[in-house]
Number of protein chains: 2
Amino acid sequence: MNNAQKRSKKERILDAAEELFALHGFDGVTIRQIAAQAQVDVALASYHFGKKRELFDAVFLRRAEILNEERLEALLKCQSESGTEGPSVEKIIEAFLRPLEMEQENADPGWKHYLALVAYINNSPIWGKELMSKYFDPLVTRFIEALKKALPGAKEEDIYWCYHNLSGALTLTLAQTGRIDKLSKGLCKSTDFRAAYDHMIPFIAAGFQRVCTKP
Amino acid sequence: MNNAQKRSKKERILDAAEELFALHGFDGVTIRQIAAQAQVDVALASYHFGKKRELFDAVFLRRAEILNEERLEALLKCQSESGTEGPSVEKIIEAFLRPLEMEQENADPGWKHYLALVAYINNSPIWGKELMSKYFDPLVTRFIEALKKALPGAKEEDIYWCYHNLSGALTLTLAQTGRIDKLSKGLCKSTDFRAAYDHMIPFIAAGFQRVCTKP
DNA sequence: GACAAAATTCAACAAATGTTGAAAACTGGG
DNA sequence: CCCAGTTTTCAACATTTGTTGAATTTTGTC
């Protein structure tokens, strides 16, 4: 049996949709392209998922809960390992980001595609608010609460703006546009997730501390 | 004469395409929608710009050079105002970012739409490399040279990764997704560019200094 | 193996898409 | 006014789009 056919046809449709939506966006992909890549009849996508938009949502939801659990677990772990004053800013950022790196390095390339799709959604003026808020904000709020504790006296507004910067830096990393490869003439690679996060974490932590600490 | 009809039809097509492409991406917009918003016949877009993709490029190019000039001017000004050791990291970041804020606050809303389009392109795995590299990398390289001087002893690789984080934070700001509005329960607003940049500049500067300074 | 249910294929649909060619309207010098 | 050149409109085209309903095959259960 062909390697591409080990998974069920339903899963193969999700896999194909995940990769293509991440690359070209919702409107840049046709059901027929998805069906072709999944080696499946066109009508099967509608049968399993309904409208195109519902397929899109199904792709988004498939890994969203898994991700939320992993990140929550990372937060709880770093909190339990710290004393009563709570974890440091850097530890919190690390708990927020490392689970993503882990999945991007997962043997299943679907995770890499999925996170690129999340980047597309998060950066979109029309999809961003709706989908991201609904499924990720509860978790984000928990991280922000932890950050407030680690940054006593910080203005709430400042913390949100810092989170905005964190979210942007992360989003571009997830998108894997390959632009840094070209700009740095090969010195850095979009696919080198380890390097990306190793640089991102202290970068972001320093930003929080500078902006959220009274002078 | 109607306000929407003061500009030439050719310009109105560019204006409409700019706004709609920024909102929905290249494939999410039809020539007919653009023509309708511009109050213009459908065939006129093809007559003036050729293929849909050429119209997209025309929109991108219209303001790219203007932007490059403004940012270069800002860099040269801050360099001329500093001594022989060159401007500080924060001054360089400020020169890189403030011209964008200025244009986002321009009375012409076209600039706001244009910069959201740049965000869309920069975050896209397929458009990002091609368009952004071609038209913005020469300028970016000049800023990076200035940063190298301001961060003596820093590893080149580290500077590029820091720039990557800067680019991401900026991109999300340009995209104006409105997500921070919801997350912060109205405390922060995506359209409050002044606040966004006032927080972004020290945040980014601190990140550079932490990552690119030997311990 | 019979048989109901689920999965899959096939064919077709109406609507929407980018693009074009010919006709018409407008423009500014002579 | 004339008329060449540009701009604009109109109508039409071949494709492609998402979706559906009926027919066929596969699956699991007794």
Side-chain angles (χ1 to χ4, degrees), chain A residues 1-62 117 120-121 124 126-127 130-131, chain B residues 1-62 117 120-121 124 126-127 130-131:
Chain A
M1 182 182 266
N2 187 339
N3 190 9
Q5 291 170 346
K6 278 183 182 170
R7 336 194 85 212
S8 78
K9 295 198 175 187
K10 196 174 173 182
E11 280 178 308
R12 271 153 49 200
I13 292 171
L14 286 174
D15 292 343
E18 187 170 60
E19 179 170 359
L20 292 175
F21 280 144
L23 270 174
H24 306 99
F26 179 77
D27 297 292
V29 178
T30 71
I31 308 273
R32 283 173 168 82
Q33 289 174 315
I34 294 171
Q37 172 148 332
Q39 305 188 48
V40 145
D41 188 89
V42 205
L44 204 54
S46 298
Y47 170 73
H48 279 303
F49 301 100
K51 311 279 183 199
K52 184 183 181 185
R53 171 57 201 265
E54 295 175 282
L55 169 59
F56 186 80
D57 288 346
V59 170
F60 179 77
L61 285 176
R62 176 165 60 150
L117 178 62
Y120 160 75
I121 293 172
S124 155
I126 49 171
W127 304 88
E130 183 190 342
L131 278 181
Chain B
M1 182 181 268
N2 187 339
N3 191 9
Q5 291 170 346
K6 276 185 182 169
R7 335 194 85 213
S8 78
K9 296 198 175 186
K10 195 173 174 182
E11 279 179 308
R12 270 151 53 198
I13 292 172
L14 285 173
D15 293 342
E18 186 170 60
E19 179 171 1
L20 293 174
F21 280 143
L23 271 174
H24 305 100
F26 179 77
D27 297 291
V29 178
T30 71
I31 307 273
R32 281 172 169 82
Q33 290 174 316
I34 294 170
Q37 171 147 334
Q39 303 187 47
V40 145
D41 188 89
V42 205
L44 205 54
S46 300
Y47 169 72
H48 278 303
F49 301 100
K51 311 278 181 199
K52 184 183 182 186
R53 171 59 202 265
E54 295 176 284
L55 168 58
F56 186 81
D57 288 345
V59 170
F60 178 78
L61 285 177
R62 176 165 60 150
L117 178 63
Y120 159 75
I121 294 173
S124 156
I126 47 172
W127 304 87
E130 184 191 342
L131 278 180

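Throughout, protein chains are lettered first and strands after them, A, B, ... in sequence-line order, and every chain is numbered starting at 1. This is a predicted model, so every value here is computed, not measured.
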Taking B/Arg62 first and then B/Asp15, would you say they form a salt bridge - that is, a charged N and a carboxylate O separated by under 4.0 Å? yes
Inspect the contact between A/Glu130 and A/Arg53 and indicate whether a charged nitrogen and a carboxylate oxygen are less than 4.0 angstrom apart. yes
Which is the 5'-most and which the 3'-most nucleotide of DNA chain D that has an atom under 4.0 Å from a heavy atom of chain A? D/dT17 to D/dT20
Can you tell me how far CD of B/Glu18 sits from CG of B/Leu55, rounded to the nearest 0.5 angstrom? 10.5 Å
For the pair made of [atom1] in [X] and [atom2] in [N], what is the distance, rounded to whole Å?
X: B/Leu55; N: C/dT19; atom1: CG; atom2: C1'; result: 13 Å
X: A/Leu44; N: C/dT9; atom1: CG; atom2: P; result: 6 Å
X: B/Arg32; N: C/dA15; atom1: CZ; atom2: C1'; result: 11 Å
X: B/Ile34; N: C/dA16; atom1: CD1; atom2: C1'; result: 15 Å

Minimum side-chain heavy-atom gap A/Phe56-A/Leu117 below 4.5 Å: yes
Under 3.5 Å donor-acceptor, B/Arg12 side chain and B/Gln39 backbone: yes
Classify the angle between the aromatic ring planes of A/Trp127 and A/Tyr120 as parallel (below 30°), tilted (30 to 60°) or perpendicular (above 60°). tilted
Under 4.0 Å between a side-chain N or O of A/His48 and OP1 or OP2 of C/dT8? yes
Specify the closest pair of heavy atoms between B/Val42 and B/Ala35, including all atoms of both residues, with the distance to one decimal. CA-CB, 3.8 Å
Taking all heavy atoms of B/Gln33 and all of B/Gly28, pick out the closest pair and write down the distance. OE1-O, 3.8 Å
Which residue lies toward the 5' end of DNA chain D, A/Gln33 or A/Ala43, if each is placed at its nearest nucleotide? A/Gln33
Test of understanding: with salt bridge (charged side-chain N to carboxylate O under 4.0 Å, His left out), list the residues that count as partners of A/Glu54, not counting sequence neighbours. none
Using a heavy-atom cut-off of under 4.0 Å over every strand shown, decide if B/Ser46 touches base, sugar-phosphate, or nothing. base
Which residue lies more 5' along DNA chain C, comparing A/Lys10 with B/Tyr47 via nearest heavy atoms: A/Lys10
Polar atom pairs between nucleotides 23-26 of chain C and protein, under 3.5 Å, N or O only, would you list them?
none

